[in-house]
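Proteins come first, then strands; the chains are lettered A, B, ... in the order of their sequence lines, and each starts at number 1.
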Amino acid sequence: GNSVTQMEGPVTLSEEAFLTINCTYTATGYPSLFWYVQYPGEGLQLLLKATKADDKGSNKGFEATYRKETTSFHLEKGSVQVSDSAVYFCALIAPTGSGGSNYKLTFGKGTLLTVNP
Amino acid sequence: GAVVSQHPSRVICKSGTSVKIECRSLDFQATTMFWYRQFPKQSLMLMATSNEGSKATYEQGVEKDKFLINHASLTLSTLTVTSAHPEDSSFYICSARDRKGQGNQPQHFGDGTRLSIL
């Protein structure tokens, strides 16, 4: 089956520090990869995505590159801000079920990021 | 961008009450919506896949009679927690996938419903 393993937190950084949250996956077929962010008390927002090998997703200073050879999709940001404090989920969609008729999101466990001023 | 509205955002009610949560796609049509449950400091657990015009598909271990799902239109799915008890207290989140585009496109999430059963 499909699975996502991401770095367990919590991660605590000072403002302007460099961020890396590791994410690796196993999947049948060719998955699409996502990072979602959840701010306290809210639902999930799509942060970035990549649908094929070597694609780089980017948004709001965050980046992640789809690495098929290492089955990884690590999230990075060069300089974090206090407002980046949230829980980050790595996720994938790959076809499941007979004939690949279902496309379910598989999530990692989430990584809590706290950025201090 | 794509917007999914979930209502209510918070419910507090007595044990034995049935609670209905709505999930609407505001600017796109969704033949498929998903219902998740999230426990504190944990990831999302998929409960069921809601299919417009047909029965929902439930994940293993989720009680169909307890969590009733109706997907009556291309923009609305509802989750009813029947005869809710304190152990049903949780954060429920819906998501929707635009009917245009392929199945591997991202889902768009609502803001969640905090359900507290006293």
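The part of A/Q38 that comes within reach of chain B is its side chain, from C-beta onward, which places non-hydrogen atoms under 4.5 angstrom from that chain. The contact between A/L46 and chain B is made entirely by side chain atoms (from C-beta outward), counting heavy-atom distances below 4.5 Å.
Surrounding CD of B/E59 are more than 12 heavy atoms belonging to other residues, nucleotides or ligands, all under 6.0 Å away. When the shell of 6.0 Å around NZ of B/K66 is examined, it contains more than 12 heavy atoms from other residues, nucleotides or ligands. By the neighbour-count criterion of 12 heavy atoms within 6.0 Å, atom CD of A/E8 is sparsely surrounded, having that number or fewer from other residues, nucleotides or ligands.
Hydrophobic cluster membership differs between B/F34 and B/V62, with clusters built from Ile, Leu, Val, Met, Phe, Trp and Tyr side chains linked at under 4.5 angstrom. Linking Ile, Leu, Val, Met, Phe, Trp and Tyr residues whenever their side-chain heavy atoms come within less than 4.5 Å leaves B/I21 and B/L26 in two separate clusters. Under the 4.5 Å side-chain heavy-atom criterion for grouping Ile, Leu, Val, Met, Phe, Trp and Tyr, B/W35 is not connected to B/V3 through any hydrophobic cluster. Under the 4.5 Å side-chain heavy-atom criterion for ILVMFWY residues, a single connected hydrophobic cluster contains both A/Y39 and A/L47. Transitive grouping of hydrophobic side chains (ILVMFWY, heavy atoms separated by less than 4.5 Å) keeps B/M33 and A/I93 in distinct clusters.
Residues of residues 49-83 of chain A having a heavy atom under 4.5 Å from any heavy atom of chain B, listed by number: A/K49. For residues 72-96 of chain B, heavy-atom neighbours of chain A at less than 4.5 Å comprise B/F91, B/I93, sorted by residue number. Contacts between residues 36-51 of chain B and chain A, defined by a heavy-atom separation under 4.5 Å, are made by B/Y36, B/Q38, B/Q42, B/S43, B/L44, B/L46, B/T49.
Sequence neighbours left out, the pairs with a member in residues 12-50 of chain A that pass disulfide (SG to SG under 2.5 Å) are A/C23-A/C90.
Between chain B and the residues A/G108, A/G43, A/G110, A/A91, the largest count of heavy-atom pairs under 4.5 Å involves A/G43.
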